[in-house]
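Just so it is clear, the model here is predicted, and its values are computed rather than measured. Proteins get letters first, then strands, A, B, ... in listed order; numbering begins at 1 in each.
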Amino acid sequence: MSKARVLYWFRTDLRLHDSPALAAALALQPSVLYPIWCWDSHYVYHSRVGPNRWQFLLDCLEDVSSSLTTLNPASKLLVLREPAVTLLPKLFKEWGITHLVFEKDTDSYAQARDKEVVASARQCGVEVVVGPQSRTLWDSEDVVKANGGKPTMSITQLQAAGKKVGPIPRPIEAPTSLSGPGETGLAGISQTRPVVEEGVGDINAKYRSSSETSYTSGLAGPNNDFSIPTLEELGMPPATTTIRGGESVILSRLSRILADEEEWAATFEKPKTSPAAFEPQSTFLTSPYLHFGALSARYFYHSVEDIVEKRRAEKKAVSTPPVSLTGQLLFRDMYFAAQSAIGYPFGQTYNNAHCRFIPWHLPSKVDTTTGLVTGGYEVDSAVKEQEFIRWREGRTGFPWIDAIMRQLKYEGWIHHLARHAVACFLTRGGCYISWERGAEVFEEWLVDHEAACNIGNWQWLSCTAFYSMFYRCYSPVAFGKKWDDNGTYIRKYCPELRHLPKKYIYEPHKAPLKDQREAGVMIKGDGTEADFNGIPVYPKPMFDFATQRDICLEGMKNAFKVGLHGDHAKVLDGTWKELFADGGEGPTEGGVGGPGGMGGFGGEDREDHEEPAAGVTPKRSSGRSKASTAPESAKKGGRKREHSQGTLDGAFVKKAKS
DNA sequence: GGTTAGGTTGGTCTA
DNA sequence: TTAGACCAACCTAAC
């Protein structure tokens, strides 16, 4: 046994199986091993995380902790209630740490944080061991290198680059024994309580039903036992989702499925799985486990691929990428590598060379000094703001769309094709609203929110990157009908419609009053009233879809013809407006106003942590301002917001130390 | 370099 | 019921 006193820092790897970083820690043959989790304020205050994803994370932490205890009754996950950057230097000294071990993370936020941590470890004479990245099949930086330094913008590029990087590493076994921690006293150090960043604010406040107290009881929590904070301590209401996290949950489910339903797993074709299926859903639902590292992507890949190979040898049918299960993991790697290459601008249109510029409504506000979005958006049209709120809250008057959005809010998960349907509807195939608005809503509500995949898929569906066939448009009626003619899914998530005849379930406004009466529902209004004299009300469609689709198609055709990308000089300085006709779709008023979201529309601004007042019509702009052409941010001085790049640790980067 | 085929997963009509 | 043609027309990679 060596003298190594090792701090193992869990981050995006909440598991014991197939963890090369954990294996690296154990290879040091530590005399003591402290498994820790730093309770980071970026996740607590500065990310968009609703109760469902919080619950999932807490589940994963609990599960890892009990697995550690199973290996060594003296061990468990030590949750320390302070961000790593300030905590770790103190901890190194207090516990006499000789080695810090953690897994490499290619997220922009994580890289900046880790750089700071590594520097402080060196100062303390602590040796740092960074384990290989295992969140993805291949290391994202290696993929980018193999792709000529360019982001992977298609699945063929990813596959070619992956081939060059080499075979996907086989999973490694979970440890069978573990050193316990040494002394865990904290008498010599005090907690540096994180503060809510000025100007950024407490993004998560809107989900809380009471005040947040996870930091108030000191570094080791209320019982001084390094407990995992609870939703109550976070001030969060209970989760509504039935999806529960944890490595053991997914490993047992996966082994059962792969054993009992081998054929299904080996012949899986994503486009043939129904977005309308629930209880059970038609896909594996591994995404949230992959996100928190409760399931290793490589373990999943090889588990499936072994079965596929076996069936190939037996000359049985198998599916192949991109539609197969492993194909889904390849897309995930594609988005991670694209994000790794592009960095912070990946999450926005502005200043992003790989994102097509389209003059969407409700554009993000931007800060021209940092080149980053600020976190707010500009209401260029009161009508579009209302459409956005109705989309978000699931009362557009299109039951297929509303059912999906309600399932998303309640369960924190929707099928991939359902994501396509609502994303297309919000952007190029319906509302012509910025994909960045939609991505933010998904970020809040998805239990499987993965910044790279979410951003990438929103760009895909809005035809701003990765995909461009905008004339392939999802119908909010026909697409759902194809999968679920009877509307069972709609009846589940829009229960006020459950007694409507099949004939009207996708278009309730076409139901005669007699049918509405018999079904016990009234189709009227804009969704602001839930009932009328005790009878449930479901809204009329918020627009005529066919008309709106044509408007969008024209807008897209024109925007593609203009052909700007997010890094074009005319986008950066706002003069793109000269290239779009005033009568065209989107916030185009000739030369008036800044770039998308720099002010000048005369509309109302929104910060992303403001809850749009549901059902309240925002004040209408009284004629758009023709006076101001100066960017708002130039006057106010923008604040730095680095969007959606920290997967576990928040969407915001600390302000530079002054 | 010009041409062509392919692109994760659309909608509608007809045979 | 299902398979194929057509819609209108994008980009990129491969030849």
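- With both ends at atom P, the span from C:dC10 to B:dG1 equals 23 Å, rounded to whole Å.
- For the atom pair OH of A:Y350 and SG of A:C355, the computed distance is 13.5 Å after rounding to the nearest 0.5 Å.
- In this structure, A:E393 does not pair ionically with A:R395, as no charged nitrogen and carboxylate oxygen lie closer than 4.0 Å.
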Parsed dot-bracket for DNA chain C after applying the Watson-Crick and G-U rules with both distances under 3.5 Å and | for other-strand partners is .||||||..||||||
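- The separation between A:K482 atom NZ and B:dT12 atom P is 10 Å, rounded to whole Å.
- For the C1' atom pair drawn from C:dA8 and B:dG2, the interatomic distance equals 22 Å after rounding to whole Å.
- Distance, A:Q328 CD to B:dT8 P: 12 Å, rounded to whole Å.
- Atom CG of A:L417 and atom P of B:dT8 are 15 Å apart (whole Å).
- One atom, CH2 of A:W483, and another, C1' of B:dG10, lie 12 Å apart when rounded to the nearest Å.
- Looking at A:E436 and A:K365, no side-chain N of the basic residue comes within less than 4.0 Å of a carboxylate O on the acidic one, giving no salt bridge.
- C:dG4 and B:dG6 have their P atoms separated by 16 Å, given to the nearest Å.
- The gap from the C1' atom of C:dA9 to that of B:dT4 amounts to 15 Å, rounded to the nearest Å.
- Closest contact between the side chain of A:S468 and the listed nucleotides B:dG7, B:dT9, C:dA9 involves B:dG7.
- Distance A:K272 NZ to C:dT2 P: 12 Å, rounded to the nearest Å.
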